Amino acid sequence: MAKKEELTKIEEAIKACKLCPLAKGRTYAVPGAGNFDADIVFIGEGPGAKEDKVGEPFVGAAGKFLAEMLAEIKMKREDVFITNVVKCRPPNNRDPLPDEVQTCTTNYLWKQLELIDPKIIITLGRHAMYRFLPQDRRISQDHGKLFKLTSPKSGRHFDIFPLYHPAAALYNGGMREVLMEDFKKIPRVLKKLELKQNPL
Ligand code: URA
């Protein structure tokens, strides 16, 4: 099956998913949005209230800030793929439970990542980062650094670049500046990875 068809099939499965209790509380599942051939996949923790109402990721204030930062590096939302660790909003924005994360990532997120095959995965916020990096990592020290991530599905290696969450940085001047500076590193980091993946 062609990549686009497979990714569309996964999106349909997410919209109809009843594999975990989060399905009961959702208005819409939020599979993700953007370019299936993107070099960059952004991963947040889970849909918030606004995202749940429309079925699209990062549509609130954090999403607007994300779009502003993308514009700084001459990119648009449509150029990247944006998704979340879990695809349904946890009640009252509580943290998703380990079982919910396990079910959702095994059935959906890893498949999306394998198919899109991005050059870099950018996690937004400490919760998304902790889903992929060892628990002793600290976002305050490890934001804006490159790490390796191995897919439990295929053993394929991904490069992962954790950043602060735009919602956390939005009203915190210091963090906002750090996030913007990290964001500006993205084109350089991508170039470096491209050269490593396809040496001259
Ligand atoms: N915060 C997230 O982590 N994900 C969204 O989709 C929106 C806000």
Side-chain angles (χ1 to χ4, degrees), residues 7 10-11 13-15 17 20-23 25-36 38 40-71 75-98 100-105 107-113 116 118 120-133 135 137-140 142-144 149 158 160-172 175-176 178-180 182-183 186:
L7 281 159
I10 293 170
E11 292 193 350
I14 292 170
K15 288 181 196 165
C17 180
C20 92
L22 293 182
R26 73 174 179 233
T27 312
Y28 289 107
V30 183
N35 185 342
F36 288 158
I40 308 174
V41 172
F42 286 92
I43 306 180
E45 174 74 341
K50 277 219 168 108
E51 290 75 22
D52 171 76
K53 291 228 161 27
V54 294
E56 292 276 324
F58 284 92
V59 288
K64 202 167 153 241
F65 183 34
L66 180 59
E68 275 172 37
M69 290 188 289
L70 281 168
M75 294 188 98
K76 297 198 273 299
R77 270 178 78 102
E78 300 76 48
D79 298 325
V80 300
F81 192 82
I82 304 173
T83 190
N84 283 295
V85 173
V86 294
K87 314 301 193 195
C88 295
R89 182 190 181 209
N92 304 315
N93 295 341
R94 69 154 167 75
D95 292 347
L97 303 174
E100 295 162 353
V101 170
Q102 178 69 18
T103 304
C104 208
T105 54
N107 285 282
Y108 306 123
L109 181 63
W110 281 113
K111 290 182 185 168
Q112 289 175 308
L113 292 173
I116 296 171
I120 191 169
I121 293 171
I122 299 183
T123 52
L124 297 172
R126 65 194 169 95
H127 292 295
M129 168 177 141
Y130 291 149
R131 304 297 170 196
F132 301 105
L133 295 185
Q135 296 293 304
R137 292 282 169 199
R138 289 289 162 262
I139 189 137
S140 54
D142 295 323
H143 66 85
L149 173 67
F158 288 100
I160 179 161
F161 192 65
L163 297 185
Y164 282 124
H165 197 290
L170 202 50
Y171 305 109
N172 174 333
M175 199 188 283
R176 193 184 164 106
V178 172
L179 176 56
M180 192 55 107
D182 283 346
F183 226 89
I186 294 172

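Side-chain atoms are counted along with the backbone in the values below, which use heavy atoms only and exclude waters and symmetry mates. Everything quoted here is computed from the prediction, not taken from an experiment. In listed order, ligands and their atoms are each counted from 1.
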message = Applying side-chain contact (heavy atoms from CB on, under 4.5 Å), can you list everything that pairs with A49, at least two apart in sequence or on another chain?
response = R89
Test: E68 and R176 ion pair at under 4.0 Å = yes
ask   = Centres of the F65 and H165 rings: under 6.0 Å?
value = no
request  = Using modelled atom types only, decide if a donor and an acceptor are shared between the side chain of Q112 and the backbone of P31 within a distance under 3.5 Å.
outcome  = yes
request  = Please identify each residue that fulfils side-chain contact (heavy atoms from CB on, under 4.5 Å) with V101, with sequence neighbours left out.
outcome  = V85, V86, P96, T105, R131
ask   = Is the shortest N/O to N/O distance between G48 and ligand 1 below 3.5 Å?
value = no
remark   = Near H165 (heavy-atom distance under 4.0 Å), the atoms of ligand 1 are 1 (N), 2 (C), 3 (O)
remark   = Within 4.0 Å of some non-hydrogen atom of G44, the atoms of ligand 1 are 3 (O)
message = Is it true that, when you exclude R77 itself, more than 12 heavy atoms of the residues, nucleotides or ligands shown sit nearer than 6.0 Å to its CZ?
response = yes
query = Should G46 be listed as contacting ligand 1, given a heavy-atom distance under 4.0 Å as the test?
reply = yes
key: Taking atom 6 (O) of ligand 1 as the reference point, the nearest protein heavy atom with its distance   = N84 ND2, 2.9 Å
task = Identify, by atom number and element, the atoms of ligand 1 in contact range of E45, meaning under 4.0 Å from any of its heavy atoms.
result = 3 (O)
ask   = Under 4.0 Å from ligand 1, counting heavy atoms only, is it the side chain of K50, its backbone, both or neither?
value = neither
